[in-house]
Structure formats: C-alpha cells, structure tokens
Amino acid sequence: MGMLEGRFDENFFVTTIEQGIAWARESSMWPMTFGLACCAIEMMAVGGPRYDLDRFGAGAFRATPRQADLMVVAGTVNMKMASRVRRLYNQMPDPKFVIAMGACTCGGGPYYKYGYNVVKGVDLVVPVDVYIPGCPPRPEALMEGIMRIQDKVRGMRYLTKGQAIDLPIPARTGYIQLPPELDDADPVKALEKQIAWAKMNKEKATPTKA
Amino acid sequence: MTATEIIATLDAECGSKIKDKKTDAIDPFIVVEPANLVAVCTTLRDHPKLRFESLNCISGVDYLEPDPKKVAKAGFEPHVEVVYHLCSISLRHRFVVKVLLPRWKDDKPGELPEVPSLVEIWPAADWHEREVFDLTGVMFGGHPGLYRILLADDWVGHPLRKDYEFPLEYHGIRGR
C-alpha cells in the first residue's frame, strides 16, 4: 500500500455507500467490441499497451452485448447496419451507455451530403451519451470520452428508497485546465473572463471589408 | 498480342456481330449488341489465339447530364454502358468489351434494361453483375441469383444512376 501510506489517519476513511457503488461501477466499464470502420483501429490502439485503457478500468472488451455496459460505436453506420446497432443496444443490460466515436457517427461526417446509404449520426438510431469528434479521434480523445462516461456514472443516484432512478446527468463538463490569464479562484469571475476572451476572438475573426 | 490483332482475329471469327470498334483508345474496345454478347464472349474465351480466361471487372456507367443547360455540350445521348474488362493470363494481353443500353427498357422509367448474364462463361461475373444491378440498375438475364449485394434487400432505386433521388427516410431513420 505504498500509494496510500500516510494519507489517512488511523488507516480508515469515510464514504457513503452510494459513492462506493459509483466508484465500483465507474471503475469497471466494460465496453463492447464493436468496430464498424476505420475508427475501430483507434479503439484497438486504446486497448493496446501504448495507451492501455485498463488503467481506467475499461479495458475488458466483451464480444457480446449481454456482458457490456458501454457501446463504443466506432465507425460509419450505414442504413443496413442501423437495425443491428439498435438490436445490440437493446440486448445490453441497464445501465448502458453509448459513445459516438468519430465524425461519421456524430453526424454523418464526410458522407453527410452524398452518402445515400449512411446514417446521418448514430443518435438517430440509439441514444448517445458522449460524442467524440475527429476523423478518426486520437486515442486520447476516446479515453477522455470514456472518462466523461465515468463522470456520468459517478453522478448517478443509486440508492433512491424505491423511487424511480433519475436520468443520469453529467457531473461536470470535463476537467479542462485553463490558461492562467483565463482562470480565477472565483468561478463566476473566471467565466466572465472566458466570455470576454471569446467575444474578443470572435471580433478578431470577423473579416474587415476592403 | 496487340489490340489491333485481337480485333482482326475477332473480325475473322464473328465480324458481323461487332457493332463498333476503337483501337486508338488507351483501353481499345469493341461495342457489341446485347443479343450477340454471349457468342462474342465465348469466342474471346475459347479461341486458341485469344484465350481470355479472366474477367477482371464489370462496370456500369450511366451517361446522363442532369443539368438541362449542359445537355447540348455533353456530347453523348443519355444511355447506360456495361463495360467488361478481360485479360488473358496465359497470353498476357487484355481487352475491353462494351454494351450500350437504353437508360430504361422501352423508355419506360423503372423498367431496367437487360443484358445476358456471363456467369456461364466466367463464374467471376456472378458478384460483379449483382453489384452492377444493385448500384446502376441493369438487369442480367439468366443470372442464377440476381439480388442486391451491397444495399439492403428492400432498398428502392439504384444509387449510381445520375437521376437517383436520395431516400428521405428508411425504416424510421432520417435519410437527409
């Protein structure tokens, strides 16, 4: 226990059962092996030793939807495949999550205009939790997406005393480290700074008439 | 064997069945009527000087200028071509056969034009003909199982036709 040594007085710490369940759940996201096109190569790279998805507990790729929590739709979904995607989604046990990986699954990508056979976004077929743009996205981007799914799992309420479980809402939009000139200890001030910065850049980008 | 020699050999065998020929193209070709296609292709395969054992590919080409302003400059009448690329592995030469078809049979939109199937001559033609049928909309008479190969079985239309309209909706999925 080298990492934990000296961090806790008397070697115990306090948590809630709900947090414990969430921690257990988010640390074992089992994705489904489900590559449709070129994005699948990046997904395999994420599972490989260089990026090592197992560090985040999501490396156990299952070859069946019945054992999976997370469906990474990696690649172009065409009309013929759409019904199969839907069926695989229906076979997954609750709670289930979907990542739309790549430009094609987010909204049709390069096939948006002239692809007669491409579904213009997999969200027309199954509900999507996290969209990862890119063609294909970097492995880091997919890992970021999986971490956002983990945030979502952490934000879910499990112990509800018989009431209906809330729809999962994302706990936060993401851990983004801001540059020091845009960051502030007060979140309201930080937001004001960011809005001002965005406005300034928008004005800068507007072309002046010659 | 050069293309000129191939055409000369073919002329001697079945000259009356060759409708048109062009030797100065990059891929020299002959044009054949659909009714004579099987006879000409059998000659191409079985003649000892030609021996085209291999059918490389079949392409369906839709010649249509959808823009009415550019029709006058297009330089062709609307029609569909089926192009057969052949090669002989033993004699190391290659050749192209083309069949010109109307865009629709008897000019009735929706009625697909028909070509005899070449599966009996080259078994490789099977899937190629299915693909041409699927995407370009050409009927291959005598094909053992002519159904769609790439698109779903209940798909409407043939997408590589120039006047193809994209589906608005397919089984509840928005198409465009």
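Source: prediction; values computed, not measured. So you know, we letter chains A, B, ... as the sequences are listed, proteins then strands, and number each from 1. All values below were derived from every heavy atom in this structure, side-chain atoms included, with hydrogens, water molecules and symmetry-related copies excluded.
Rounding to the nearest 0.5 Å places CG of A:N78 at 9.5 Å from OH of B:Y170.
Shown here is B:E53, whose CD atom has more than 12 heavy atoms of other residues, nucleotides or ligands within 6.0 Å. A 6.0 Å sphere centred on CD of B:E114 holds more than 12 heavy atoms belonging to other residues, nucleotides or ligands. Residue B:R94 places its CZ atom among 12 or fewer non-hydrogen atoms of other residues, nucleotides or ligands, all under 6.0 Å distant. Residue A:R55 places its CZ atom among more than 12 non-hydrogen atoms of other residues, nucleotides or ligands, all under 6.0 Å distant.
A:K80 and B:L151 make their closest contact through NZ-O, 3.4 Å (heavy atoms, listed as atom of the first residue, atom of the second, distance). Among all heavy-atom pairs drawn from B:F166 and A:K113, the shortest one is CE2-O, 3.3 Å.
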